[in-house]
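Have a look at the structure below before the remarks.
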Amino acid sequence: MLLIAWFQSPLSGEGKPNQSADYPLQPVPFNKVEMKSDFWRPRLVTQRETLVPWAFERTQPGVEHLKAARDYLAGKKTEEHRPHRFIDSDLYKVMEGAAYLLQLERDPVLEKTLDELADIITAAQHKNGYLYPSHTTGFGKAKDMMGDTPYTFVVHSHELYNVGHLYEAAVAYYQATGKDQLLQVAEKSAQHINNVFFKGDPKYNDGKPIQQAPGHQELELALVKLYRVTGKKLYLDMARKFLEVRGITYVPDGEGVMAPTYAQQHKPVLEQSEAVGHAVRATYLYSAMADVGTLTGEPAYGKALDRIWGNITDTRMHITGGLGAVHGIEGFGPQYELPNAHAFNETCAAVGNVLFNYRMFLLHKDAKYLDVAEVALLNNVLAAVNLEGNRFFYVNPLDADGKYPFNHGVAERAPWFGTACCPSNLARVIPQVPGMTFAHDDDNLYVTFYSEFGTTVNIDGVNVSLEQKTAYPNDGEISIAVSPEKTAEFQIHLRIPTWTQDRFVPGDLYAYTDASSNTVTLTVNGDPMKTELEKGFATIQREWRAGDRILLHLPMPLRINECHDSVEANRNRVALTRGPFVMCAEGIDNGGVTQRYFLPQTSETTNVQVSTKAIETGSFIQVTAPASRATKDGGTEEANIVLTPYYAWNNRGVGSMTVWLPRDKELAVYDPHALPKESIFSKIKASHTSPIDTVSAIGDGQEPKWSTGNKVPRWTSRPQKDKPQQVEARFHETKKMRNVGVYWMQDREDVRFPKEWSLEVEKDGKWEPFKLYTTDRYDTRANQYNVVHPAAPLECDAIRILMTPQKDACMGILEVQVAFEE
Ligand SMILES: [Zn+2]
């Protein structure tokens, strides 16, 4: 989607690109579309009034970081501060988004903000073009991740990633305002990088060209943008060279973030066939490969991308369009590894999925890529921000119990993140959606994304006005008035989405189990048209006259989807979709726990009701359908299930959510917070439990890896600071105990290890102190169980943990283990 800006009016005069090869289709510039849609227009308003101002406020540490570099270079004293090394990139992305808003509508205040930032950035750049405040000031040094000096740890320093985002912001700012100040900074940076990486600069790497690809891709596609706006082929050549050296001149050989696959450096890019490693890096890489392959006329790039695209859609994509299913590497897991509650699906990766697929459409003129882009945009990308526009998901799971802290420590959207790549990506991506509505060449018009809008496009010298009326994506009735200024013959291609056919989204992973008798219909001025598809488009060729009207009906019944059997998490489960939307059940509409529900085998959904749900911050469609649910006593009852589009979940408080519903009762769970059957405890209670945590977490058998508790359910005493607490856990029967281990929680917020703690045991209904073995202590060591043994063999029915907090702190426990004598 980002490439839309690149196609905006080329610069006049000498800067005009000399393009010998390019995508066969041109998208409409997003600022030439008047978006009237009730679905998108409010989002653009939110973007201007809430999201971008909020994002500027939250990226202020990035501004301070740049100011420190500016002051340092000016010989002034700079204050010690500790921003992370890629914080500038978040700011640059917000600036890019703000510049797009300026292109949609003039705004002197916003423009002044950008002008001031441009001055700071300009002053933070070294004379030779180097721009990376962390090395300039020496503050916030993570030397193990950025090297001692510039360009000595390119695999993880993000030096090239940061400036890539600056180039994109510079191009957008220039296109919005005509001011080339940042463009000059970008060009100076690019020429410096060209010297250091491809020619040799005496100041770096002993004067030898570094010839290494960035560890986090981004610079490649940014260089293509810089080429498009300046017309200087050097930048396209640099993008090509960075792709050509990837996986050849440097291949890391460790594990995790140093694995060869992590940043797709395991093979030369033209030999890659599978999506591996960090998913954001991967999608930025694939987007750059599409651009460079197209602009250089090298078909091998397209061939590699066809293989990779097939691998993603057949084996590695969630039904929401989410990519990068696994935590840890924030990336692609093994084929068919698509967990639900524990899915990672970084927001940036879904944005990248849209960028990649939109380019693939322009390259191949095939609607299947738009179908993937649309599913990723309307489901995963939109879910990443609340309707109000000021809270965000970094991680996008497909199932939630209302407690598991999947999103950087919380079970809901967060106001911001230390690493804020995701919200800043939303700042720049949403304003560009209008540019995805159609594309054209000289005598073909492709209607790609449906929504209510008006625009004028020039087809073979004739201005054609287009007015689209529709409530899409909430409804599938679409009316398009086509009015050429004079009668003209050309083809209009209308995308008939994959979801109107036998599956929700292209690829082998998902298929409808039900048949639908509803068919797509298409008329022009009331005359039925054929809807045979070529590459996913229905084509109408005729002499168009002013006042011609196309009516397209895309039926949107509720559909039942099953998943490829190799995906273990979805076996014997179904997901419901309506039109381009994945539907989910939320606790707030369904009596609290969505995991209780199941959908027995039926060939299709009947008695479905569609309604509009309005809440304070917006509205969305809901669907009510018959279902069954497990009852407390182990029985089954019939109950309607209310479904909400996935993008709208978690806008009404923290709660439970399910996309993949069980087919039968065995998989339904009445209470996900109940202790598992195999727990050593029969009952656990606490003096106080945070409403967003669960006390059963300490006996649920889910092993913590770190004391931060980011990946497992936990008990905490939030928000009760400075207050002693106790947790009591009862055994199924009287037991002879060997030892007790407590895995304490401590995070960067208010949960700290206890100042002191001790145990009591219950015997015959009486509590007494636990007599500690002579060399034991009540420890609070991080990232492990703190184990204590009784002084003598001890029979008891229950244990009690007594704890006193540190000053101004709450306490937390991730897991408690008890070993028994045989
Ligand atoms: Zn991100």
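First listed ligand is number 1; within each ligand, the first listed atom is number 1.
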Inter-residue atom distance Y161.OH - D88.CG, 0.5 Å rounding: 10.5 Å
Could you tell me whether Y92 and Y167 have their ring centroids closer than 6.0 angstrom? no
By ring-ring contact (aromatic ring centres under 6.0 Å, His included) - contacts of F242 (at least two apart): F197, F198
Which residues and atoms, counting only protein N, O or S, are under 2.8 Å from the Zn ion (ligand 1)? E346 OE2, C348 SG, C421 SG, C422 SG
Out of N390, V385, N651, V654, which residue meets the side chain to side chain contact (heavy atoms under 4.5 Å, CB included) rule with R413? N651
Under the 3.5 angstrom rule, does the side chain of R246 hit a backbone N or O of L285 as a donor-acceptor pair? no
F356 and ring-ring contact (aromatic ring centres under 6.0 Å, His included): which partner among Y369, Y286, F361? Y286
